[in-house]
Protein chains: 2
Amino acid sequence: MATIKDIAAKLGLSPSTVSIVLKGNGDKRKIKKETQQRILEAAKELGYKPNIQAKILRGSLSSKSNISLYWVSDNRIHLLSRFLKGLQTTIIENNYQFQLSIVPYENNHLEDVLTQESVLATNAIIICNPSETDMEYLENNDFNIPIVLYNRYSKKYSTVTMDDKTIGLLPAQIFAAHGKKHPALLKSPATFSGMNIRTNVFEFQVNEAGMEHPVSVTVDDTMKGGYLGALTLCGLNSLPDCLFCTSDSIALGALKAFYERGLHIPEQIELISVGSGRPEQEEYCVPSLSVISLPLEDMARECLKILSDSLSTFDYVPKSVAFPTPYIPRESCPALLRAKEERQI
Amino acid sequence: MATIKDIAAKLGLSPSTVSIVLKGNGDKRKIKKETQQRILEAAKELGYKPNIQAKILRGSLSSKSNISLYWVSDNRIHLLSRFLKGLQTTIIENNYQFQLSIVPYENNHLEDVLTQESVLATNAIIICNPSETDMEYLENNDFNIPIVLYNRYSKKYSTVTMDDKTIGLLPAQIFAAHGKKHPALLKSPATFSGMNIRTNVFEFQVNEAGMEHPVSVTVDDTMKGGYLGALTLCGLNSLPDCLFCTSDSIALGALKAFYERGLHIPEQIELISVGSGRPEQEEYCVPSLSVISLPLEDMARECLKILSDSLSTFDYVPKSVAFPTPYIPRESCPALLRAKEERQI
DNA sequence: CTGAAAGCGCTTACAG
DNA sequence: CTGAAAGCGCTTACAG
């Protein structure tokens with residue numbers, strides 16, 4: 001990497017002069033036009049790239065703490081805006097002096113981007129969506145800065161979690177209370193163990209309640225996936241009378257399929273989804289979606305709080321916070337007025 | 001801001017020792033336990049915050065270029081994920097060595113965050129959603145680094161735009177070709193002049209085509225806004241037979257209202273929306289949305305390309321790229337087979 | 001019109 | 001067990 005010194009050496013000038021010209025103050029400081037030309041050309045030729053770390057350091061600019069947010073770059077990216085919203089609100093509310101960097105990574109390849117070197121370049125880290133493989137990498141390495149995991153369990157790092165058991169339990173209990181007998185499950189391939197907990201608990205609890213063993217269809221975590229999965233359900237000899245979807249995307253796709261097949265929701269099939277998407281979308285689809293609501297924004301806020309505390313107290317002892325996932329009944333599975341388990345949890 | 005030197009001075013130790021302990025290598029380097037304790041306590045007491053710029057500089061880490069993305073922190077934040085997706089794909093495809101920072105700002109208050117000081121701390125900038133006030137600030141100030149504006153016009157900065165005229169023109173032409181007479185418009189308050197262009201051109205063109213003057217309702221740019229706006233339309237003495245919505249959110253809310261009122265789309269009212277949201281959502285709502293498609297991802301990609309070129313060639317001459325906004329007919333306004341203006345534009 | 005020198009905060013190899 | 005010194009790349013106040 002070429003530096004100002006390199007350019008100066010090449011041209012037989014001093015670093016001062018080169019710096020002045022590169023900063024665009026050549027005219028103001030009356031550097032000869034010709035000299036300016038030579039400097040700019042040399043910069044281009046040598047591929048000069050200003051080193052902003054040096055600029056910041058030199059200028060004693062009130063440098064903000066850098067928080068790096070690691071987010072997987074697959075179709076979970078559309079959840080990022082809810083999470084970011086939570087972070088930004090918190091930053092503004094608390095007047096946190098944070099610079100937020102987004103680091104994309106590929107599923108199972110966290111280790112490619114979260115290196116010891118990259119850790120040196122930030123003050124604290126939020127890690128979202130790590131797979132089992134990624135978690136193993138995290139557990140087997142040491143990074144001497146505050147790190148918080150979003151929705152993952154660890155003894156080594158701070159965590160902000162929700163209760164995956166409840167997410168599977170609630171829909172099963174509600175369907176049971178509604179007298180349903182034939183449950184179905186539209187799920188996407190598990191990208192972390194919590195997803196298996198959700199679906200396993202649902203299947204277990206549905207059995208406990210004396211319902212049939214659920215029909216389970218694994219689909220892509222997209223609206224198209226949900227659409228195709230629901231078509232599969234429609235093709236069965238006997239239709240399910242209730243359906244649990246593991247994401248909003250899947251549920252929204254399923255709604256379209258049921259509509260096209262002339263199936264009435266909730267009359268023929270009650271539907272509850274994991275509320276991972278935008279609440280506004282859940283409210284304004286037809287029929288509106290009953291969901292187990294995931295408090296992404298609140299969790300994002302808590303991630304930042306934990307990091308902020310760690311940074312200011314210099315205390316990196318792992319801290320864990322779990323968030324409730326309340327059930328929000330809407331049209332796709334209306335509340336029974338008498339049912340006590342459907343009160344806000 | 002306390003530094004390592006401050007801590008060393010306070011304790012009568014050398015900066016070396018303090019650095020070693022703070023980095024977590026105290027045991028490895030056999031620093032007395034007691035000394036370590038004193039250092040950590042002093043760090044906490046003085047509010048020590050490691051200066052990562054200094055760390056990076058000192059370590060000669062292959063520092064990435066920092067690209068700052070300025071995005072307004074109101075409900076437009078849900079569009080951010082599409083934009084980010086475009087950026088991330090480009091970064092990965094081209095193996096760009098960029099660190100991406102997200103800088104939130106309040107509408108009309110870009111000047112609070114985009115300061116000369118903050119510009120020193122980054123290599124290049126993408127500015128999204130500036131208001132007229134924000135644009136004025138930009139036009140009246142000089143920043144000596146590459147800056148690209150997303151969806152705004154400027155002679156001073158590079159721009160990546162779409163054709164706002166076409167966005168208003170197409171729906172009017174299509175409704176006219178379909179023989180519609182009673183147009184309506186659901187729009188949100190203009191946050192930049194391009195939005196006025198879209199709606200003005202629509203209103204003008206609809207008149208040109210001999211249709212009635214459109215009923216125009218201004219609503220919040222949310223699904224709720226669209227829902228309420230559509231209810232207003234339903235309450236009119238004579239219903240519109242076609243409707244142009246200035247965002248996906250508005251259109252989706254409107255769909256719900258029409259459904260509840262028993263109005264059939266497209267039979268009774270044809271609907272075209274500005275396709276600002278997720279394409280998957282447009283496809284899987286009921287009925288699916290006909291949209292003027294905004295190529296956010298491609299535009300994001302182009303923003304990054306322009307900055308990357310500027311950075312490598314050291315050439316900050318403004319460059320402008322305009323993107324087409326193709327019409328995508330779906331169920332809410334099906335294509336007439338014969339209509340030539342409905343071929344992909 | 002251009003250059004020499006100091007220093008931003010940190011870490012490391014070396015010395016003791 | 002701890003310290004003195006050098007240097008990462010840059011900019012600025014000063015000198016000439």
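Computed over heavy atoms, backbone and side chain alike; hydrogens, waters and symmetry mates excluded. Here is how names work: the chains are called A, B, and so on, in the same order as the sequence lines, proteins then strands, and each is numbered from 1.
Nearest nucleotide to the side chain of A/I4, out of C/dT11, D/dT2, D/dC10: D/dC10.
Side-chain contact check for B/S101 and B/N66: at least one donor-acceptor pair (N or O, by modelled atom type) lies under 3.5 Å.
Between B/P146 and B/L311 there is a side-chain heavy-atom pair separated by less than 4.5 Å.
Contacts of B/Y96 classified as ring-ring contact (aromatic ring centres under 6.0 Å, His included), with partners at least two apart in sequence or in another chain: B/F98. Residues passing the ring-ring contact (aromatic ring centres under 6.0 Å, His included) test with B/F143, sequence neighbours excluded: none.
If B/T17 and A/L22 are placed on DNA chain D by their nearest nucleotide, the residue sitting closer to the 5' end is B/T17.
At least one side-chain nitrogen or oxygen of B/S19 sits closer than 4.0 Å to the OP1 or OP2 atom of C/dT11. Note on B/K55: a side-chain N or O is less than 4.0 Å away from OP1 or OP2 of C/dT11. Remark: B/T35 is in phosphate contact with D/dT2, judged by side-chain N or O atoms under 4.0 Å from OP1 or OP2. A sub-4.0 Å separation between OP1 or OP2 of D/dT12 and a side-chain N or O of A/K23 is present. Side-chain N/O atoms of B/S14 include none lying less than 4.0 angstrom from OP1 or OP2 on D/dA4.
Pairs of residues two or more places apart, or lying in two chains, that qualify as salt bridge (Lys or Arg N to Asp or Glu O under 4.0 Å) and include a residue from residues 87-110 of chain B are B/E93-B/R301. Residues in residues 142-152 of chain A take part in these side chain to side chain donor-acceptor pair (under 3.5 Å) pairs, two or more places apart or across chains: A/D142-A/K156.
Panel note: side chain B/R82, backbone B/S276; a donor-acceptor pair is recorded below 3.5 Å.
Rounded to whole angstrom, the span from the CG atom of A/D6 across to the P atom of D/dG9 amounts to 8 Å. For the pair B/I20 CD1 and C/dC14 P, the computed distance is 14 Å after rounding to whole Å. The distance from atom CG of A/L120 to atom C1' of C/dT12 is 13 Å, rounded to the nearest whole Å. Distance CZ (A/R38) to C1' (C/dC1): 13 Å, rounded to an integer number of Å. Rounded to whole Å, the distance from CG on A/L13 to P on D/dC10 is 15 Å. For the pair B/N123 CG and D/dG9 C1', the interatomic distance rounds to 13 Å; values are reported in whole Å. At whole-Å resolution of the value, CG in A/L11 and C1' in C/dT2 are 13 Å apart. In this structure, A/N25 atom CG and C/dT2 atom P are separated by 15 Å, rounded to whole Å.
Separating the CG atom in B/D74 from the OG1 atom in B/T191 is a distance of 7.5 Å, to the nearest 0.5 Å.
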The dot-bracket string of DNA chain C, counting Watson-Crick and G-U wobble pairs with both distances under 3.5 Å, using [ ] for crossing pairs and | for pairs to another strand, is |||.||||||||.|||

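B/K44 NZ: more than 12 foreign heavy atoms inside a 6.0 Å radius.
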Expected rows: protein N/O vs nucleotides 5-8 of chain D N/O, under 3.5 Å:
from	atom 1	to	atom 2	distance (Å)
D/dC8	O2	B/R58	N	3.1

Decide yes or no on side chain to side chain contact (heavy atoms under 4.5 Å, CB included) for A/D27 and A/K33, but give the supporting numbers first. CA-CA 8 Å; A/D27 288 343; A/K33 277 281 176 212; 3.0 Å; yes

